[in-house]
Amino acid sequence: MSGHRRRPPQRLDGGTRAGRGRSRRRAPQKKRRIDYPHRGRTGPRRWLPSVRQLLGLFLFFVGGTAAAVGYAYATVTIPDPNPTTLLQNNVYYWSDGTVLATDGSVNRQNVSLAQVPADVQGDFIAAENASFYTDPGVDPKGILRAVVHMAEGGSVQSGSTITQQFVKNTYLDQSQTVSRKLKELLISTKIGAAMSKEQILQGYLNTCFFGRQANGIQAAAHMYYNLPVEKLDVSQGAFLAAAVNEPSLFQYADSDPAARKQAEARWSWVLDRMVKTGKLTPGQRARYAAAGFPAPTKWTRGSGLTGETGYLVQLARSYAETHDPTITESSLSRGGYQIHTTFDRKKTAALARAVAAVRGQRLDPAHRSVDRDVQVGAASVDPATGRILAVYGGPGFDHAHYSDNADTSGVPVGSTFKPIVLAAALQHGAVLQPGTSPEPITPASRFNGDDGIRIKDQQGTYVADPKDPTGLLHQHNDTSQRWGYITLRKAMEDSVNTPYVQLGEDVGYGNVAGTAQSLGLRPGSLAAPSAGFYIGTSTPSAIRMASVYGTFAASGMQAAPYSVTKVTHNDSVLTAFTAPAPVRALPTAVADNVTDVLRGVIARGTGTKAQALGRTAAGKTGTTDDYRSAWFIGYTPQLATSVVLFREDSNHPQLQSLVGVGGLQKVFGGDIPTAIWTQYMRAALTGLPDAPFPAPTSLGEGTDEFGAPSPSPSPSTAPTKHDGKPGKNTTTAPVPTPGAPTTRAKCNHHKCR
């Protein structure tokens, strides 16, 4: 046993005494990259980060944010503009440049920055973003204000720069969210680098909402001041810059005292900002203050295409589409057109008043059922230029009357067609015997005016009429009076049918239709060849008939009626809208002699009620055989106007008899239509001189219808010897001056009443 060395006693944990000492010390631990929470510390100190850790955390946050922003900036793209910002409306202007109407789903008309006065641009920059021309498109201070406001529990705020507002209006939406705000900032930065400041400001001014349904500064200028943007002054611009801030309130600054008070305060603030930014001097600011608040015009919501406005817009649109193939329903629906018309605002109002006044005086739809469906159409043109100055198309779209009575074909013109037949005869002559050359015709030429006579064509054959028991046409007048052979002048004055039916046959359908077309009537409105053609079975519009008579007034120069003087689209002037050049439609002597005859209609014929106008005028009444229409067309050297009266039930679109209308047994053109014409012309010609017509040149010796007896010597006709051939005559004396006493033979003819 002594040879063995004794081992020290073992601990169950395998340690020795020395090991026990060492086991009390901790074994070294692996070093951590981030000592957090702190090792070797207790209590709150264990959890407090060190300065190094705080700095590292800050740098990490800044770096991460920068990387995220950089990535977002690199990947974000400028989106396509919102489709609604590309939409505009079309604006129609009266002849004086004021707005007639707008149409389209969005009230916006984009303009170039050059059209906006520099002072008005300054209003918006001073009010919205004084550093606009120097900032990168975003405003850090504005962003900080927005963040603080959100942190305090407020709503998400806009960045306030003009660039950001342009981006919000054009590329994004109006939602108030953080994600939309971040997109706005990023896109604004890119827009600021990609677009010039001028482009941004132009886009901003065209996309701002100003209230009163006005999008963009041009629409706002019209809605608040009835002016184009080019004519705004700095004071008006200051109000519009204020309106952008609170459009839903300031749009009522014309009528709501509270809204006006706030609008005035904001307007004053904008002007103060103009001084602070150096855009106005204190002296200029004082002058605007002395002039007072530029109160906006009165606003009527939803006025729309009411009254005659719808018909005027319809006429202008149709004319524009006809004369420029690029203008279509589709392109008009996208908007952007500015259409300047010939329509005279005062004359249009005067025509509507005249119709309303005479209707009120003569019709009683509440007690006479026959008066309920009576309709009126009227048109007024400038004889020298063809400009359509006024129309009356009906009560208006707002009364569910969509057909323009002034521009609708379908109402026979009756005896107002006779001057066209006379003009054709004076120009082309008439075949008075079969197989002979045309003989010269003058207003003194005499034709048979008796009722029920048979009519011959140029071949000497009686004109057939299947409805007549004899199979032949027996042309009738309104009464059975026996006129005998009367001059064409007399037949025109008393609207005797038979001489003009026979004259038309002798002149020939081709010549009469050709003259009608040269005077401006459309071929499609002319009736087919028949005896009735010569006394008005054709159905041209009131506009076209006013233009025909305007050609007589202009001594034979035909100026095509037109309604549009200029069209611009997206700031580009379209070239298809130059005024039509007048062309020679009739020899001067022919036109002036027709005018001389038509002066007699007013002086002593069926149109004597038009003498109430009290100035030189010429015209013609017209009534169809079945009393389904009644016309009066008259003119002075300055103005030609047509008025038509007819009945048509909207549920049964066909003409009905006028018998009984206004309590009259028969309604003639010399009655209600002449009353409307006279009242309108009196107002429309106010301030214009009583201009004379040119003295008619003698047409020389004319020829009577075969069979006419030798005339008795008189001041108006030279005696000729009847030798079995057509007799000769000369033109008659001029018509007496207006206002001079006139005498009329007493007769029972309806037109004499």
Side-chain angles (χ1 to χ4, degrees), residues 381-386 416-432 437-447 487-489 491-492 499-500 503-504 506-521 523 526 534 540 544-561 580-601 616-620 633-638 640 691-704 716 718 726 728-735:
V381 304
D382 178 355
T385 64
T416 60
F417 197 80
K418 289 174 183 173
I420 298 174
V421 178
L422 178 61
L426 300 184
Q427 184 175 12
H428 299 288
V431 177
L432 300 177
S437 299
E439 299 279 356
I441 296 295
T442 73
S445 296
R446 294 176 301 149
F447 282 71
T487 65
L488 294 174
R489 178 186 295 277
M492 184 74 75
Y500 277 92
L503 177 66
D506 293 341
V507 175
Y509 178 87
N511 284 332
V512 175
T515 297
Q517 291 179 49
S518 69
L519 290 169
L521 297 190
L526 299 179
Y534 306 109
R544 288 285 163 172
M545 288 303 291
S547 177
V548 167
Y549 280 56
T551 304
F552 298 143
S555 295
M557 294 299 294
Q558 201 274 326
V583 298
R584 174 63 63 187
L586 291 175
T588 301
V590 169
D592 289 346
N593 271 276
V594 172
T595 291
D596 189 56
V597 171
L598 297 183
R599 287 184 63 194
V601 173
T616 302
K620 181 69 183 79
I633 310 175
Y635 56 97
T636 68
Q638 306 102 322
F693 288 112
T697 303
S698 173
L699 296 173
E701 195 173 53
T703 313
D704 295 331
S716 62
K728 302 298 181 181
N729 60 70
T730 57
T731 54
T732 61
V735 173

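- Note that CZ of F552 is 9.5 Å distant from CD1 of I633, once rounded to the nearest 0.5 Å.
- Remark: side-chain polar atoms of R544 are paired, donor with acceptor, to backbone N or O of G520 under 3.5 angstrom.
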Could you walk me through whether T588 and T697 pass side chain to side chain contact (heavy atoms under 4.5 Å, CB included), step by step? CA-CA 8 Å; T588 301; T697 303; 5.9 Å; no
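- Scanning both residues, P637 and P692, for their nearest heavy atoms gives CG-O, 3.6 Å.
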Might you work through the side chain to side chain contact (heavy atoms under 4.5 Å, CB included) test for V507 and Y534, ending with a clear yes or no? CA-CA 10 Å; V507 175; Y534 306 109; over 6 Å; no
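- Distance alone, capped at 3.5 Å, is enough to place a donor-acceptor pair between the T703 side chain and the P440 backbone.
- For the residue pair A554 and P383, the shortest heavy atom distance occurs at CB-O, 3.7 Å.
- Contact of the L426 side chain with the P587 side chain is not registered, since no non-hydrogen atoms from C-beta on lie closer than 4.5 Å.
- Residues A559 and S547 share a closest heavy-atom pair of O-OG, 3.7 Å.
- Side chains of D592 and D596 form no contact here, defined as non-hydrogen atoms less than 4.5 Å apart.
- Using a distance-only test at 3.5 Å, with no hydrogens or angles considered, no donor-acceptor pair links the side chain of Y549 to the main chain of P419.
- For the atom pair CZ of R489 and OG1 of T487, the computed distance is 7.0 Å after rounding to the nearest 0.5 Å.
- Contact annotation: the side chain of M545 approaches that of L521 to within less than 4.5 Å [non-hydrogen atoms, C-beta and beyond].
- Aromatic rings from Y635 and F693 are positioned such that their centres are separated by under 6.0 Å.
- For the side-chain contact (heavy atoms from CB on, under 4.5 Å) with K620, the lone residue among V601, L422, V597 that qualifies is V601.
- Contact detail for L503 and A430: the closest heavy-atom pair is CD1-CB, 4.4 Å.
- Atoms CG and CD, from D704 and E439 in turn, are 10.5 Å apart once rounded to the nearest 0.5 Å.
- Between the CG atom in L586 and the CG atom in N593 there is a gap of 11.5 Å [rounded to 0.5 Å].
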For side chain to side chain contact (heavy atoms under 4.5 Å, CB included), just list the numbers for M557 and R584, CA-CA rounded to whole Å, side-chain angles, deciding distance to a tenth of an Å, and then say yes or no. CA-CA 5 Å; M557 294 299 294; R584 174 63 63 187; 3.5 Å; yes
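- Smallest separation of non-hydrogen atoms from D382 and Q638: OD1-O, 4.0 Å.
- In plain terms, the two heavy atoms of T515 and A423 that are nearest each other are CG2-CB, 4.3 Å.
- Between Q517 and L526 there is a side-chain heavy-atom pair separated by less than 4.5 Å.
- Distance check: Y500 OH to L488 CG gives 4.5 Å after rounding to the nearest 0.5 Å.
- Within the model, atoms CG of D506 and CG of L432 stand 5.5 Å from one another, a figure rounded to the nearest 0.5 Å.
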